[in-house]
**Student:** 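Before we start, here is the structure in question, set down as C-alpha cells.
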Protein chains: 2
Amino acid sequence: MIPTQTKRKTKEDILELSGSLFAQFGYDGVSMRDVAFATGITPATLYHHFSDKEHLYLEVVEHEFREKSAELTIILNGTDSPWIRMERFIRNLVQIVAIDGNFLRLMQWVRLDSDEVRQNKLAEHVFKDLFVAVRDLVAELDSGYDPYMAAMSVFGIVLFSFEAGPVRKLMPGHSPDHDNPDVWANHVIDLLRIGLRKPEDNKC
Amino acid sequence: MIPTQTKRKTKEDILELSGSLFAQFGYDGVSMRDVAFATGITPATLYHHFSDKEHLYLEVVEHEFREKSAELTIILNGTDSPWIRMERFIRNLVQIVAIDGNFLRLMQWVRLDSDEVRQNKLAEHVFKDLFVAVRDLVAELDSGYDPYMAAMSVFGIVLFSFEAGPVRKLMPGHSPDHDNPDVWANHVIDLLRIGLRKPEDNKC
DNA sequence: GTCTATAGTTTGATAGAC
DNA sequence: GTCTATCAAACTATAGAC
C-alpha cells in the first residue's frame with residue numbers, strides 16, 4: 001500500500017481551519033493554542049509556518065475573501081446587460097452569505113477588531129477590487145445617484161439582514177419564509193429595481 | 001466651602017465610561033481592570049457594584065440603547081403622515097450614528113461576541129420595541145413589501161455605510177461630501193422614497 | 001519540521017482590613 | 001464602599017533538543 005500524506009497539514013489546511021475559528025470567535029477569541037490543536041500540531045510548529053498571530057490572521061482574511069469574490073467579479077465584469085448582471089450579483093452574494101455563515105462573520109470581525117494599519121492593508125490589497133466593480137456597475141445603471149453611495153446602499157441592503165444573524169430571527173414578524181435565501185434575494189431585487197431605475201423611466 | 005461630591009462615581013458614570021470602552025474594544029478587549037482604572041476605582045470596588053463582567057456588559061448595552069432609541073420611538077409613534085415620520089426617523093438615526101461613533105460599534109460588537117443566551121436577552125428585552133415601531137411604520141406606507149423584510153432593508157441601507165467605518169473611507173470614489181451625515185440622509189431618503197412608494201403611484 | 005518546556009504578562013474574581 | 005493583596009488560569013512567543 002502506497003503511504004498517503006493525508007495527515008500532513010498544508011498551509012491551506014491551517015488557513016481554512018483557523019478561518020472558521022476566527023469567524024466564530026474573532027481575533028482575541030482565538031488563541032494560537034486553539035489554532036494549533038484544531039489542526040493537530042503544537043503552537044511551536046504553528047509559529048514555524050506563520051511569523052506571528054497578526055500575519056496568520058491577515059492571510060486567513062485574504063484567503064477567505066478571494067475565494068468568495070472570484071465568482072462575483074466574473075459576474076460583475078460580464079457581458080450581460082447591466083440589470084441582469086446586478087440581479088445575478090445579488091442572487092450570488094445572498095447565496096454566499098446565506099450558505100457560509102462564517103464568511104460574513106469574518107468580515108464583520110475585521111471591521112471591529114482591526115486597528116487602522118490592518119484595515120488599510122486589507123482595504124487596499126483585498127477589498128478594493130470588488131467594491132470598484134460594484135460601483136462601476138451601479139454607474140452603468142444610470143439611475144442618477146452617486147455611484148459610491150449607491151454601491152454602499154446595495155451592500156447594506158443585501159448584507160444587513162444576514163449580519164443581524166440570530167437577533168434578526170427573534171424580531172416579531174419573523175416567519176420560516178425569512179430563512180429562505182431566495183426570498184431575501186427576490187425582495188432586495190424588487191426594492192432595487194424600483195429604487196435604482198433610470199429617472200426617465202419614472203416619468204408619467 | 002460646601003464639600004462637593006463631584007469625585008464620587010455613580011453607577012451611571014461607570015456605565016457611560018465602560019460603554020465607551022466596550023464600544024471601542026469589545027467584550028474580550030476590555031478587562032475589569034481597564035473599566036475600574038478608567039473610572040478611578042479599584043477592581044474590587046467595581047465588583048461591589050456589578051456581580052460580574054457579564055452583568056456589567058448587559059447593563060451597559062441596555063443603557064446605551066435606551067438612551068438613543070427614546071427619541072426615535074417618539075418620532076415613529078408620532079402623528080405626522082407616515083412619510084414625514086419615516087424621513088424624520090432616517091435623519092435622526094443618521095445623526096445618532098454619525099455623531100456618536102461608539103453607539104453603532106457597540107451594537108456591532110453585540111452581534112458578534114455574544115452567545116445565544118445574551119442575544120436572546122437583549123433582543124427580547126431591549127431591541128424589540130424599536131424594530132416593531134419601524135416595521136409598523138413601513139407597513140403604514142403600504143408599499144406592498146413584506147414589512148419585516150422592508151424594515152430590515154431600511155436599517156441596512158441606513159446603517160451599513162457607517163458600520164463599514166474606516167474601510168469605507170478607503171474605497172475609491174470617496175469624497176469629503178461622503179463624510180457629511182446630511183448627504184447620506186438625503187441619499188437614503190431619495191432611494192427609499194422611490195423604492196418604497198405605493199404601487200398605484202407607480203403606474204403611468 | 002516538530003516537539004517539550006517555560007518565560008513573562010494579563011485575565012476574572014475573591015478575601016479581609018478599614 | 002473602598003481599599004491592598006492575592007490566586008489559578010490563560011495568553012503570546014521563544015529556546016533548544018531531536
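Reckoned from all heavy atoms, side chains included, excluding hydrogens, waters and symmetry mates. Chain naming here is simple, since letters A, B, ... match the order of the sequence lines and numbering starts at 1 in each.
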**Student:** What is the distance, to the nearest angstrom, from the CZ atom on B:Phe37 to the P atom on D:dT4?
**Tutor:** 9 Å
**Student:** Contact class for A:Val35 (heavy atom, under 4.0 Å): base, sugar-phosphate, or nothing?
**Tutor:** nothing
**Student:** Does the plane of the ring in A:Phe103 sit parallel, tilted or perpendicular to the ring in A:Phe65? Use 30° and 60° as the thresholds.
**Tutor:** tilted
**Student:** Please report, rounded to the nearest Å, how far the C1' atom of C:dA13 is from the CD atom of B:Glu54.
**Tutor:** 15 Å
**Student:** Select one nucleotide: of C:dG12, C:dT2, D:dC11, the one nearest the side-chain heavy atoms of A:His49.
**Tutor:** C:dT2
**Student:** Could you give the CD1-to-P distance, from B:Ile41 to D:dT4, as a whole number of Å?
**Tutor:** 12 Å
**Student:** Between A:Ile14 (CD1) and C:dT2 (P), how many Å, whole number?
**Tutor:** 8 Å
**Student:** Starting at CZ of B:Arg33 and ending at P of D:dC3, how long is that distance when rounded to a whole Å?
**Tutor:** 14 Å
**Student:** What's B:Thr45 touching, base or sugar-phosphate or nothing? Going by heavy atoms closer than 4.0 Å.
**Tutor:** base
**Student:** Reckon B:Thr42 touches a base, only the sugar-phosphate, or nothing at all at heavy-atom distances under 4.0 Å?
**Tutor:** base
**Student:** Find out whether B:Leu191 and B:Leu196 are in side-chain contact, i.e. whether some heavy atom of one side chain is under 4.5 Å from a heavy atom of the other.
**Tutor:** no
**Student:** When the distance from CZ of B:Phe50 to P of C:dT14 is rounded to whole Å, what number comes out?
**Tutor:** 16 Å
**Student:** For the residue pair A:Phe22 and A:Tyr27, categorise the inter-ring angle as parallel (less than 30°), tilted (30 to 60°) or perpendicular (more than 60°).
**Tutor:** parallel
**Student:** Separation of A:Tyr47 atom OH from D:dC11 atom C1', in whole Å?
**Tutor:** 9 Å
**Student:** Please work out which of the three classes, parallel, tilted or perpendicular, describes the rings of A:His174 and A:His178, given edges at 30° and 60°.
**Tutor:** tilted
**Student:** Does A:Ala44 or A:Met32 map to a spot on DNA chain D nearer the 5' end, using the closest nucleotide for each?
**Tutor:** A:Met32
**Student:** What's the CG-C1' distance between A:Leu46 and D:dA13, to the nearest Å?
**Tutor:** 11 Å
**Student:** Would you kindly compare A:Gly29 and A:Pro43 by the position of their nearest DNA chain D nucleotide and give the one closer to the 5′ end?
**Tutor:** A:Gly29
**Student:** Is A:Arg168 close enough and on-axis enough to B:Phe155, meaning under 6.0 Å and within 45°, for cation-pi?
**Tutor:** no
